[in-house]
Trainee: 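Can you read through this structure? Questions will come right after.
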Protein chains: 2
Amino acid sequence: MANIQEIAKLAGVSSATVSRVINHKPHVSSETRAHVQQIINQLDYVPNINAVSLKKGATKMLGIVAPTFSDSLGTFLKNFTLAAQQGGYNVTLFLTGLDKQKELEAFERLRNKQLDGLVLVIRLNEWDVLESYAKYGPIVTWQRVEDRNIQSVFMNQYDGYMLALEHLYEKGYRKIVNAYGNTAGLNTKSREKAYADFCQKYDLNPNEFKHFYNQGHMSEGETMARWWVDQTHKPDAFVMATDYLASGLVTEAKRLGLSIPQDFAVVGFDNTLVAHLLDLTTIHYPIGKQGENAFIMIDNQLSKRTNPLEALSFHLVERLTT
Amino acid sequence: MANIQEIAKLAGVSSATVSRVINHKPHVSSETRAHVQQIINQLDYVPNINAVSLKKGATKMLGIVAPTFSDSLGTFLKNFTLAAQQGGYNVTLFLTGLDKQKELEAFERLRNKQLDGLVLVIRLNEWDVLESYAKYGPIVTWQRVEDRNIQSVFMNQYDGYMLALEHLYEKGYRKIVNAYGNTAGLNTKSREKAYADFCQKYDLNPNEFKHFYNQGHMSEGETMARWWVDQTHKPDAFVMATDYLASGLVTEAKRLGLSIPQDFAVVGFDNTLVAHLLDLTTIHYPIGKQGENAFIMIDNQLSKRTNPLEALSFHLVERLTT
DNA sequence: TTGTACGCGTTATCAA
DNA sequence: TTGATAACGCGTACAA
């Protein structure tokens, strides 16, 4: 396999000159340039990128770390990757499962110079252990974090949730049930706060109905439909943690012969494909733009620029379930 | 940033010894090993992976190349990545859009040693230009290809399509409409062949109804529902190119007040999330396993092993639309 | 068991 | 404009 020395020898120049030609640097006569280029083409030569990376101390490679592959991760990944490629980077995906060690392995890639930067979607390890890697390169996360060494594209879901609530109120619904996601996360706390404030504002009893926690799988949405049937004092609306969860509720309700929104209204969250498919009223969550911003943040740190971020905001998408 | 020499100096040994310790190689006394390891920990040292890659001529890095990010790509990517990580590889994603040049850039990574191997999901360039990269590392594709330098996890969709057809026949449907995908691809040809054979077998007129081609987007499925309404001579069943497309047909039909499968039956293809969600009868297409096989093929070539592949087969998933 | 010394392939500094 | 050469950081024959 040809290397730069071989090209140099065959072209009758030094490797320095060949390097200049490869990298389109000045101070080479156009004749030499042409000649060297010809030899390069002839031998079908390309520079070994590992040598370049070693020399430069950078790889133009970014990592994206997440526990599992979901619909949302898909959109995030897609947009992040597209933006990164646009900026001259490639991105490699690390799926950690629930293995803290695997997450650390990804971070080690930052330390050992394989990655120039990293975006951590959902963390497994404690923030302080992850933060200790920030000195090896920019780290951006999708979650909220109080750490000036780790940037974040986090959005406060209080606002989005309030949008859903206000929409229901406006439509006349007063008996609302909440299905929250992971209790440990901050999103649930923000949403609870939104609901509490909402009840206070309109003088509603926040504990009139059961609150559902740690809901995530579609089957749990299905269970909620059956729960509704069993109630004597029935709610008239559900705000669901995700579209996915909402879809379980809606499809099971239909199987049970209920009609939506006549029997009850449903609002999803995220505005993913599923919501479109099932005509779910939902809150649009700009995950794609968060992905783009994640790249911009990394790129800004890496190239010491300050490119502006995309504006991020929730908005209501009204469809047929309210 | 500490390097191997520095560790060696501080430990009072040579870099060779340090290297042996790092890589857990024999012929080091346990005392020296312990001592060196201590210095390593103390200085928080890790080997620069670019130097290692340069030296070894391999990166333990694989690429996956596709034009756009879809639901199916998601499952393929997930399974491929998981398998690769299991085998000590990481995978980087290349999204090419419709840009042939971008696709070539990914292949260049193979040539310049950044990638040890590559899986090409959907190609943009001609096979012969892609094939010319096979000498730089193993290439596996999801599409069908006649080239002994490029392996494939392709599955003949004839079998899967016939499964759908036979199922409909068994259920009593005789007036079947086909919605095919991309006309240029081989999948459509296989499916057409299946339908032709099916008609011959049961003595049906293959042209009793219109054939739909190049169907892909959900809205096109929706259009087909309205088409059905307009017909005087109505078909009683649809076989759709993808679940996604089928979902458009089904949801629009419901909006129009039709009932499925009473008015007509629908069979999807792929068995993706959407099919589960809408209770679509569909053909399960083991895309995840194809992803795993793609890795096994690459790994086998790279490590000159012959690990067995996963068995791949279509099967019918009967739900509520037939 | 340990060390020496070279090579991997490139970029960049300095001198010519 | 060009060339010689020193890094970059590591692995590995080969010698001791």
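Reminder, nothing fancy here: chain letters follow the sequence lines and each chain counts from 1. Since the model is a prediction, treat every value here as computed from it, not as a measurement.
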Trainee: Glu31(B) CD to dT2(C) C1': how many Å, rounded?
Mentor: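 It works out to 13 Å between those atoms.
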Trainee: Under 3.5 Å, which donor-acceptor pairs do the side chains of residues 33-40 of chain A form with other protein atoms, sequence neighbours left out?
Mentor:
from: Arg33(A); atom 1: NH2; to: Lys25(A); atom 2: O; distance (Å): 2.6
from: His35(A); atom 1: NE2; to: Ala11(A); atom 2: O; distance (Å): 3.3
from: Gln37(A); atom 1: NE2; to: Asn41(A); atom 2: OD1; distance (Å): 3.1

Trainee: Between dC8(D) atom C1' and Ile4(A) atom CD1, what is the distance in whole Å?
Mentor: 15 Å
Trainee: Could you name each residue pair satisfying side-chain hydrogen bond (donor to acceptor under 3.5 Å, both in side chains) that touches residues 91-103 of chain B, not counting sequence neighbours?
Mentor: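 Applying side-chain hydrogen bond (donor to acceptor under 3.5 Å, both in side chains) to every pair that reaches into residues 91-103 of chain B, excluding sequence neighbours, yields Glu103(B)-Asn125(B).
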Trainee: Could Arg111(A) and Glu108(A) be called an ion pair, given the rule that one side-chain N must be under 4.0 Å from one carboxylate O?
Mentor: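 Answer for the salt bridge query: yes.
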Trainee: Using the test side chain to side chain contact (heavy atoms under 4.5 Å, CB included), find all partners of Ser30(B) that sit at least two apart in sequence or belong to another chain.
Mentor: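 Partners of Ser30(B) under the side chain to side chain contact (heavy atoms under 4.5 Å, CB included) test: none.
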Trainee: I'd like a table of donor-acceptor pairs (distance under 3.5 Å, sequence neighbours excluded) in which one partner is a side-chain atom from residues 66-73 of chain A, with atom names and distances.
Mentor:
from: Ser70(A); atom 1: OG; to: Ser72(A); atom 2: N; distance (Å): 3.4
from: Ser70(A); atom 1: OG; to: Leu73(A); atom 2: N; distance (Å): 3.1

Trainee: Quick one: which of dG3(D), dT11(C), dT2(C) gets closest to the side chain of Val13(A)?
Mentor: dG3(D)
Trainee: In whole Å, what is the span from the NE2 atom of His35(B) to the P atom of dT2(C)?
Mentor: 11 Å
Trainee: For Glu126(B), check side chain to side chain contact (heavy atoms under 4.5 Å, CB included) against everything at least two apart and list the hits.
Mentor: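 Per chain and number, Glu126(B) pairs via side chain to side chain contact (heavy atoms under 4.5 Å, CB included) with Arg123(B), Asp128(B), Val129(B).
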Trainee: Could you tell me whether the phosphate oxygens of dT10(C), OP1 or OP2, come under 4.0 Å of any side-chain nitrogen or oxygen in Ser19(A)?
Mentor: no
Trainee: Between atom NZ in Lys9(A) and atom C1' in dG3(D), what is the gap in whole Å?
Mentor: 16 Å
Trainee: How long is the line joining CZ of Arg33(B) and P of dG3(C), in whole Å?
Mentor: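 After rounding, the reported distance stands at 14 Å.
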Trainee: Going by heavy atoms closer than 4.0 Å, what residues in residues 21-30 of chain A are next to DNA chain D?
Mentor: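 By residue number: His27(A), Val28(A), Ser29(A).
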Trainee: Please name all residues satisfying ring pair (Phe, Tyr, Trp, His ring centres under 6.0 Å) with Phe94(A), sequence neighbours left out, ordered by chain then number.
Mentor: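 Partners of Phe94(A) under the ring pair (Phe, Tyr, Trp, His ring centres under 6.0 Å) test: none.
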Trainee: Just jot down the side chain to side chain contact (heavy atoms under 4.5 Å, CB included) partners of Asn300(A), sequence neighbours excluded, or say none.
Mentor: Ile296(A), Arg305(A), Asn307(A)
Trainee: Figure out the NZ/C1' separation between Lys56(B) and dG9(D), and round it to whole Å.
Mentor: 13 Å
Trainee: Mind calculating the distance between CD (Glu6(B)) and C1' (dA7(D)) to the nearest angstrom?
Mentor: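 After rounding, the gap between these two atoms is 15 Å.
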Trainee: Suppose we screen for side chain to side chain contact (heavy atoms under 4.5 Å, CB included). Which residues come up paired with Leu82(A), at least two apart in sequence or across chains?
Mentor: Lys78(A), Gln85(A), Leu95(B)
Trainee: How close or far is atom C1' of dA7(D) from atom CG of Leu54(B), stated in whole angstroms?
Mentor: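 About 13 Å, once rounded to whole Å.
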Trainee: Under 3.5 Å between N/O atoms: give me all the protein pairs with nucleotides 4-7 of chain C, atom names plus distance.
Mentor:
from: dG7(C); atom 1: N2; to: Lys55(B); atom 2: NZ; distance (Å): 3.0
from: dG7(C); atom 1: N3; to: Lys55(B); atom 2: NZ; distance (Å): 3.3

Trainee: Could you list by number each residue of residues 37-53 of chain B showing a heavy-atom separation from DNA chain C of less than 4.0 Å, or answer none if no residue does?
Mentor: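 The answer is none.
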Trainee: For Tyr89(B), which residues count as a ring pair (Phe, Tyr, Trp, His ring centres under 6.0 Å) partner, sequence neighbours excluded?
Mentor: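 Tyr89(B) satisfies ring pair (Phe, Tyr, Trp, His ring centres under 6.0 Å) with Phe295(B) only.
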Trainee: To the nearest 0.5 Å, tell me how far Arg20(A) CZ sits from Thr17(A) OG1.
Mentor: 5.0 Å
